[in-house]
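Notes to accompany the following structure.
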Amino acid sequence: MLAVEVDASLQRVWQAVRQYWEPNKIHGHGPDHALRVYSMGIQLAGELGADPLVVGAGCYIHDAGMRPDIGREGHIERSLQIAAGLCEQMPELARVRDLLLTTIRYHEAELAFPAPLPIEAACVRDSDTLDRLGFTGIRMTLRYGVWMGRALCHPTDPLCCERTPDLNSFTMDYVRYLESLPQFLMTTGARSNSKEKHEQRESYCREFLASFRQGRMRDHDDALQLAMAHMREESRVA
Amino acid sequence: MNVGVPVVPLKWKKYLALVDFGFQSAGELAEDIRRYRISEAPRLVSDLQSELRDDSRHARSSFYVVKLVPADLPGQLPNFNVERVSQLKQLVTFLTADRDENYLEAWYCRTRIDAEVFSVAGRIVFSTADGGKTQLVEQLWRGSPRKLETYSGDFAFPYVRASRYSWGWPYSIEHVHLPPRSVLSKLQLQSEFGYSMRCIEQQKEKIAAFCEFLDSFSFKAYSLEYKIVASQLKIIDWDTPNDRRVLRSEDVYLGDGMH
């Protein structure tokens, strides 16, 4: 396919799936997550010579199966159904159906996968993982925490330095858990990008702790404001 | 008695919350959801076959959703839809396939979908964002609400999406979809949607009480699933970001209901 045809097909995919992402803004997995993952995925695909149609479509669909009421639960199965439906409508996707479904089935960093994982699937997986790191990942995690009524942090060990993370109870424990994700990155480009994300997390946690000790980190709103301030500063510098 | 079934599946406890909040009686629930131990799956298949033949004799159409039920999953259970006797062979394969999960029971429920009855199913998502409460409704005609999850431009069912602020009236219709061979017109669809919402309005007090209970968990969103068949509204399921937390707090009646 010519690049212009790939672009047109990916536009059609996005038009078809955007509706699934919109309601998920409520837990931080709205269209902005899809677009960031797409942008990174296409960059990685270019670096590695992966099929941009498969990577782009995989990025646009990977979390489309999330729901505003139950979030992540069962979302991979629903994303796969959405992708299978699109393959029936778009012949160019039907030709790469199995590969596309593989990118979606194994998009989460923590999931075991059958080796060798196709390079297209590695691109989608690493792009999603990168977006879960740094300021973007912290903001998504905080919004997810608000949505599910989780407490912000442990009262005496807010950054989970001396405990096993309790992911269902404390949002900041999940932020700590995100630290473990870079080990799962598969591509050189993503690993290189993760360094900046690591610094973002370190800087956020430092300020979080300082604010917490001063009694200024009372709830998720305070933590979100800190993340947003960092993100504004990042975009100003950029 | 739950003889031989030591564990009440979490999904059943979830349904019992609907009984607690007065959406249906324990008897109605047991009648609607036919439960079988997993070892009795062949009996489920033969009962389903009888139901399908009975439908055929009475010139009715129904769809049946068969679920595999483990002990500790509150939702998103593997399921298989049956509308014709010819699908029973595939159902047997579905019920006997090797899976990682350990399933305790198999259930089925029935929904009439023939043209002789009004039959719709939907989901209301209650959400709180930016200080406001909204209700988003998605409804389809003559199908399972599970299908809503894969709504797309070539959806095979008539479909309406609408929203409103809190309990304000009326709903603002955001999207109407008519499949190519639908016998309904857009106007009929909107009118029937209005009728459905009035049915829901009649249960407003019970729904609001249940929402108040779920609000106590500080969730930002949760949903209720419903179906309306022949003017009878049934709230058939609910979902939250953390059902286990809700169920832990709910002193639900742990009845039997096994068939």
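Computed from a predicted structure; not experimentally measured. We name chains A, B, ... by the order of the sequence lines, and we start the count at 1 in each one.
Close placement of the Y15(B) and W107(B) rings is indicated, their centers lying within 6.0 Å of each other. Aromatic ring centres of H62(A) and W21(A): separated by under 6.0 Å.
Salt-bridge formation is not detected for the pair E77(A)/R105(A): no Lys NZ or Arg NE/NH1/NH2 atom is positioned less than 4.0 Å from an Asp or Glu carboxylate oxygen. Ionic pairing of E110(A) and R125(A) is not present here: no N-O contact between side-chain nitrogen and carboxylate oxygen is shorter than 4.0 angstrom. Ion pairing between E92(A) and R97(A) fails under the 4.0 Å rule for side-chain N and carboxylate O.
Residues of residues 216-229 of chain B that come within less than 4.5 angstrom of chain A, heavy atom to heavy atom, are F217(B), S218(B), F219(B), K220(B), A221(B), Y222(B), S223(B) in numerical order.
Looking at heavy atoms from C-beta onward, R146(B) lies in side-chain contact with Q76(B) at the 4.5 angstrom threshold.
Every residue two or more places apart in sequence or in another chain that forms a side-chain contact (heavy atoms from CB on, under 4.5 Å) with T129(A) is listed here: A109(A), L181(A), L185(A).
There is no contact between F126(B) and chain A, counting heavy-atom distances below 4.5 Å. Only the side chain of Q19(A) comes within contact range of chain B, judged by heavy atoms closer than 4.5 Å. Using a 4.5 Å cut-off between heavy atoms, Y20(A) touches chain B through its side chain atoms alone. For Q89(A), the part lying under 4.5 angstrom from a heavy atom of chain B is the side chain only. For chain B, the nearby part of R67(A) is the side chain; its heavy atoms alone come within less than 4.5 Å. Neither the backbone nor the side chain of R244(B) comes within less than 4.5 Å of any heavy atom in chain A. Only the side chain of N242(B) comes within contact range of chain A, with heavy atoms under 4.5 Å apart.
The candidate from H27(A), M148(A), R150(A), Q81(A) with the greatest count of non-hydrogen atom pairs under 4.5 Å with chain B is M148(A).
Between F212(A) and F208(A), the ring-plane angle classifies as parallel under the 30° and 60° cut-offs. Ring planes of H175(B) and H177(B): parallel class, angle under 30° (limits at 30 and 60°). The aromatic rings of H230(A) and F135(A) lie parallel to each other, with less than 30° between the two planes, well short of the 60° mark.
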